[in-house]
Structures are given as structure tokens and as C-alpha cells.
**Q** 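Take this structure first; my questions come after.
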Amino acid sequence: MWFKSKSFKGGVHPPENKAFSDNKVIEKLPLPERVVIPLAQHIGAPAEPIVSVGDEVKTGQKIGQSKGFVSVPCHASISGIVKKIEPRPHPVGGDVLAIEIEGDGNDIMSQDFDFNPDYMVQSVDEMKENILEAGIAGMGGATFPTHVKLSPPPDKTIDTLILNGAECEPFLTSDARLMIEFPKEIIEGLRILMKILNCKRGYIAIEKNKPNAISLFHKLINDSKQSDINVVGLKVKYPQGAEKQLIKAIVNRNVPAGGLPMDVGCLVQNVGTAKAVYDAISKKLPLIERVVTVTGKGIKEPKNVLARIGTPFQQVIDFCGGLTDDAAKIINGGPMMGIAQFDLEVPVIKGTSGIVILNTKQAILPQPQPCISCARCVDSCPMGLMPNYLATLVENQKFEQAKEFNIKDCIECGSCSYVCPSKIRHVHLFKFGKMHVAKMMKPAA
Amino acid sequence: MDTVIISSILSIGGMGLLFGAGLAFASKKFAIEVDPKIEEIIDNLPGANCGACGYPGCSGYAEAIAKSGAEVAIDLCTPGGAAVSAKIAEIMGISAVEAKEPQVAVVQCRGNHEKAPKRFHYHGITDCAAAELIMKGDKGCVYGCLGLGTCVESCPFGAMIMGSDGLPIVLEDKCTACGVCVAACPRGIMALIPRSQKIFLGCVSQDKAKKVKEVCSVGCIGCSLCSKPKVTPSGSIEMNGNLPKIVNPTADDLPMAVEKCPTNSFVVRK
């Protein structure tokens, strides 16, 4: 295996399309005039508003209180006045209760957010509290609350922490730029995470199409002689950045069906999350901005921008020169797993890693044809499922059988739909099937 | 040659006789006593296995009645109606229950393609529950009928068709009020109402008036005019949150409410 890059079985290799923006330095987006901050930007219970209409808020002030354990607070990303608290369109679907803030243009901070050089002496509980208070949720796109991931049950020990800089989605370069521009912060973030979990081994996993980032991290880690942190170059393949595939590639452990990485002593965090953790611990700075890649053939000037959470898509697009004449489809996230948008009023949220704009030619939607049993989807499935069977079972409403064929293990990466010559909409079918399986299992539990 | 034929006739015939005797013996010895009432009830049920009674098919319901000694209500079969429950009462030797008022399924949404436009192009599985998974459906109104026909597909009696305007139509003479469509609709738009009720509200939106106006021209805006004494003096309509609720389905003043409704949200059955 010495000649092979580390990877997993299955997967696909769509055109990377990263050249649009991988050399563009992260630019700060001008302060938005107004922001819309959804109270549910994470998986779990939505936050509860703790401000009311007409209140004056400052940048970094907490405006939504977390409710329950699997929930994170949210913060004002600009200073100004709370205009409305009402359901607003959300990039991941539906209308979600959101707080609209009209900015005063001054960006007054709610506190100093000074750098504290002794941040490492905090206790683990203090650190976790700070991470929760900073409102950090997984920034790779899945937005799972970070403090929950960092609190494994006492019977599970985490011996390996993997920072995910694979960024396997085509087009996206936000993590790549973050790694090149903030490598020290990311390494420190990893150190903090390792301390919290009392974990002895850390990996920074990067796909080999980002050689600059790999050599930069190698150099930094070698210079500072941090032997417990390894930089791993991964084969360029989608979905290399999915956590189960990442664990398989790096430490060759298989996360059991229905299990979590912690079941095999691993934890995966996005590099963006590590940077946010560093900010939260060293400066007590809440998560109020993130890097968003704005790219594709449908945008005039592809860029990587640092946008405040809650900035409407329209403003981000305007900053990048606006849409081209043949722009046809705007996607929140990458083209493989992202969700197409129909309203540019939707805000940038904690999980918005990119805004990909396709042109008319790229956005063609082929009609699905009957399955020809070529089994390309079986070869491509990184979870070792049989998408051809599952699709047929779901189409015929055989949800019990679909459950037996482990439909619940599908990670919805879309590799099967990508390779399917009949253009079957596997992922949609599987989402539908999973919903029914979940419904079926509910009364029994 | 003859001996071969004769010997095979004898051996095959002998084996047949032996097995036949064995089977005859076993069928007597290991016979399972089936309550003849179950068979009789099954014969009288419609046999659509629609599940309206809440039991797994007609045989499941028949067994439940017979085993419980008619403890289980005998009027749960809505497709069969009063005639079937009377038959079951006769079989079980109990007095017939009072006939339930027959019901019919209705579509509580009037927002067709024209009146309630879509907000994006949906390219996905033709199923309303699946469409609901993608940005809460393509309809502007998040309470309105998605028009992909999950209810039509679900109907075990072929009593529903999809209209050309994107709203399903209930064929009332075929509808047995089994309620399968009510359970199938992910948005709770299908409902069962008494057949005698001629007027019902064609809207389930919980949105506020402004939002309803934005997404649908016939959606109920919750103005509560229809519940006012000047329109319905008998109090046949009460406000239930944002929507009016018909409390007396046969009141004489309901047509007045239909006439006064500013958004034309009521539906009058033929």
C-alpha cells in the first residue's frame, strides 16, 4: 500500500473546479446594513430570542439563548437595532424564526474581546463553556453543536482527533484559504480540542490538491517540533471529507453502522471549527463571521469572502461583481451536497461554506430513466451500500426492506446520483426513505 | 413392457393411497378450530383491506370482533357503513348499533396553480412527502396542497383523481370515508366531514393575513367576519386560532358566511 495515497473504498472524482477561487485571498465583506440571524443555525433545538424588537444590540452580544443540551446560542453580528423577530427564509429549508438587526454602521463591540495569552491554563470545563457561549457549531456544513461533540459519555475515550481540511466538495475553497491564511490559529485550535478531550494524537487531514496548505502545516509543525500532530495528505476523491471515510483513511478504523466516530475513539472537526474554537478560547470571541467561497461560472468575480453571519446572499453576490447573464442556479454549500436556493434574501449562516452559482449549461436537470443495473452506484458508494436496490425499494414503498438494506447508513453524499447513467435521484429517494423508516421506528420505541 | 406399466400404476397408486390416508388422518387429528363467526364476518366485510377500522385488513377486524365477543366496536367499517354493522350485529347476536352519520373526504385547499403560485421549480420524486423534504415544498403557501397526488395514489377505492389545476378531486359517490387519504397527506389537508355538511372551509393555513395574501388569493386570512353575529346569528361558526371552525354543519346561516367571505375561502359541495 506504500504507493497509494490514504483513502477509502468507493467514492467519485467530480471535476474539482477549485481554480476559480483557490488563489483569491480572503476579503472582508463590507459591513452589511442589516442582518437576518436565524435562531436555528445548528442541528438540535433552536435558540430562544433574549432580545425584543426595538432593543439596541452590539456586535458579539448574545441575542439567542441555547435551549437544551444539543443547542447553541447565537449572537448579533453587527451593532444596531432589532427590527423584527419573525420567521424568515433559511438556506437549508423552510421559514425559521430569525432576528433582523438594522445596523448603525459603527460595529460597536459588546466587549473588548482582548487576546488572553494564557488561554491554555483554563480548565476543561471552562473551555467547553466558552465554546458553547461562543455559539460554535460544526462549520463544515453539518452544523452539529461543537460542545456536544466535545462531551463524549465517560465510557468512551477519544484517542485520535482529526481536523478535517479535506474540502472534497468541488468548487469550495474556503477551508483551503483558511488553512493558508490562519495555519497557526488552526493548530492552536487543535491543541485546545486535544486538551479538552485529553487526546494524545492529532491529525490534520488535507486532500493532495492543496499542496500549499500541506507543506505549510508540515513546516509549522516540524519547526515547532510538535510530534503528536501529523499532517496527512489524502487522495483527491469525493467524499473524502465525510467523517467516517476520513477515519477509515487515516486510522483505518470502521465506524459501526448507526454508530458515531467516538465509538472507535475518534473525533472529527472541521478546520474552520478549530479556528472558531481558538477565537472563542483565546479572545472569548463568539462566532459572528465565517469564510464563504463565492464561486462558479455564474458569478462575475469569484472570491473568498469573510462575511458576517446573517448577511443576505444578495449582498455577498453583489460584492463579487453580481451574477452573470447566464447564471441559473445558486447553491448554498457545494454542488454535491448543497441545496439550491430560490430566494437571495436568505442569510449566510454558520454552515454556509460556499455559495456556488452555476450557469444555464451546468444547471441542466436530466429526466431520470429506468435503472439499467450497471451497478456503478454500488462501486461508488463510500458506505458500501447498494443504492440500486435501495432506490427500487423506496420507489415501491418497501421501507421495511430498505431498512434491512441499511438505508439509515446512507450519508447522502450523492456519489450514486453522480455516477448514475440513468440520472436516478438517489439522494432524494433515500432522504424520503429514511424519513419513512424513522417514522416506522418511532411508535416501537 | 406390460409389467413395467402395471408395476408403476400399482406403486404410484399405492403411494397416493398411503399419502392420502395420512393427510386425511392429519387433517382430523391436527385440525385448528376456527370460529365460524370470523369466516362469516369476513364474508360480510367489503374486503378492500383499507385499514379504516384500524385493524390489519378485513380479516384482522373480523377476528378482533369475534375474539372479543363484540367488545370491539362493530361500526368501525366505514366503507361498509350501517348495512355491514347490522350484519355483524346479527352474526354476533347483539343489538345493532345506531348507524353513524356517513362521511366523505374533502380537500381543504383551494389554492390551485393559478391562485397559489409556486415559489420554485421542483424536480424530484412525485410524492408530496418527498417534496416537503426539499425546502418545505415548492408551493408558496407552506400549508397548501402540493398537488403531487400522494392522496390520489393512496386511495384504495379509486375515489380520487388529480385535477388539471393541481388540486385533487374526491369522487364522492365512490368515497367510503376510510380515511386513508387523510393519513397520507403530509400537510393535513384531507379531512372527513359528514355527508350532510354542504359547506366547509377550503384552507388550513395558520399564517397571518399578510403572508396568506402574499402566497394565495383564496386563502383564509382569519378576518373572523364569518363568525360575527351579523353574518352567522346562530353562532354556527367559531374562530379557532387563525381559522374559522364550523361548529354546526347544518346551520341555515352558513351560505351567508360563504357569500360574505372576502377571500372566497369556503367550498360548497354539490
Side-chain angles (χ1 to χ4, degrees), chain A residues 40 84-96 328-333 337-346 360 363-368 390-397 399 402 410 412 414 417 423-440 443, chain B residues 49-51 54-56 116-144 146 148-156 180-188 204-216 219 241-242:
Chain A
K84 273 177 186 159
I85 302 177
E86 60 176 16
R88 285 297 180 87
H90 186 280
V92 187
D95 286 6
V96 171
K329 194 178 208 175
I330 296 166
I331 301 168
N332 169 55
M337 285 187 78
I339 298 174
Q341 302 295 315
F342 59 90
D343 187 348
L344 288 182
E345 278 306 299
V346 294
T360 338
I364 290 172
L365 286 163
Q367 268 305 309
L390 287 172
T392 316
L393 290 173
V394 173
E395 263 175 359
N396 294 299
Q397 317 251 325
F399 301 118
C410 168
E412 299 172 19
S417 313
K423 304 295 170 201
I424 293 169
R425 295 152 178 156
H426 294 92
V427 178
H428 192 189
L429 284 166
F430 300 161
K431 281 186 181 172
F432 179 56
K434 278 167 145 184
M435 180 192 80
H436 274 278
V437 170
K439 225 190 259 174
M440 228 162 58
Chain B
N49 294 321
C50 66
Y55 290 91
K118 309 226 155 181
R119 50 182 181 171
F120 61 87
H121 301 294
Y122 172 71
H123 294 266
I125 312 163
T126 319
D127 184 290
C128 302
E132 184 90 8
L133 288 174
I134 296 187
M135 304 294 270
K136 298 261 163 72
D138 56 348
K139 194 138 190 157
C141 174
V142 293
Y143 297 93
L146 288 163
L148 294 169
T150 298
C151 52
V152 176
E153 287 286 311
S154 77
C155 181
V180 171
C181 55
V182 177
C185 178
R187 293 191 156 182
V204 293
S205 173
Q206 295 290 336
D207 272 333
K208 295 208 172 110
K210 186 169 162 259
K211 177 89 186 172
V212 174
K213 281 265 182 202
E214 274 170 26
V215 294
C216 181
N242 241 357

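Lettering follows sequence order; numbering is per chain, from 1.
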**Q** How long is the straight-line distance from CZ of Arg119(B) back to CG of Asp343(A), given to the nearest 0.5 Å?
**A**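 If I round to the nearest 0.5 Å, the distance is 9.0 Å.
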
**Q** Between chain A and each of His121(B), Met135(B), Glu132(B), count heavy-atom pairs under 4.5 Å; write down the option with the most.
**A** Met135(B)

**Q** Under 6.0 Å from the CD atom of Glu153(B), do we count more than 12 heavy atoms belonging to anything else shown?
**A**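 Incorrect, the count does not exceed 12.
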
**Q** Heavy-atom cut-off 4.5 Å, strictly under: side chain, backbone, both or neither for Glu86(A) against chain B?
**A**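 Neither part; nothing is under 4.5 Å.
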
**Q** Non-hydrogen atoms of chain B under 4.5 Å away: do they reach the side chain of Pro91(A), the backbone, both or neither?
**A**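 When you check distances to chain B, only backbone atoms of Pro91(A) fall under 4.5 Å.
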
**Q** What part of Leu429(A) gets within 4.5 angstrom of chain B, counting heavy atoms only: side chain, backbone, both, or neither?
**A**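 For Leu429(A), backbone and side chain are both near chain B.
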
**Q** Where does Val394(A) contact chain B at under 4.5 Å (heavy atoms): side chain, backbone, both or neither?
**A** neither

**Q** Please classify the contact of Leu133(B) with chain A as side chain, backbone, both or neither, using a heavy-atom distance under 4.5 Å.
**A** side chain

**Q** Starting at NZ of Lys136(B), measure out to NE2 of His90(A) and round the result to the nearest 0.5 Å.
**A** 9.5 Å

**Q** To the closest 0.5 Å, what do you measure between CZ (Arg425(A)) and CD1 (Ile134(B))?
**A** 9.0 Å

**Q** Do you know the tightest heavy-atom contact between Ala129(B) and Met435(A)?
**A** CB-CE, 3.7 Å

**Q** Between CD1 of Ile125(B) and CZ of Phe432(A), what distance do you get to the nearest 0.5 Å?
**A** 6.0 Å

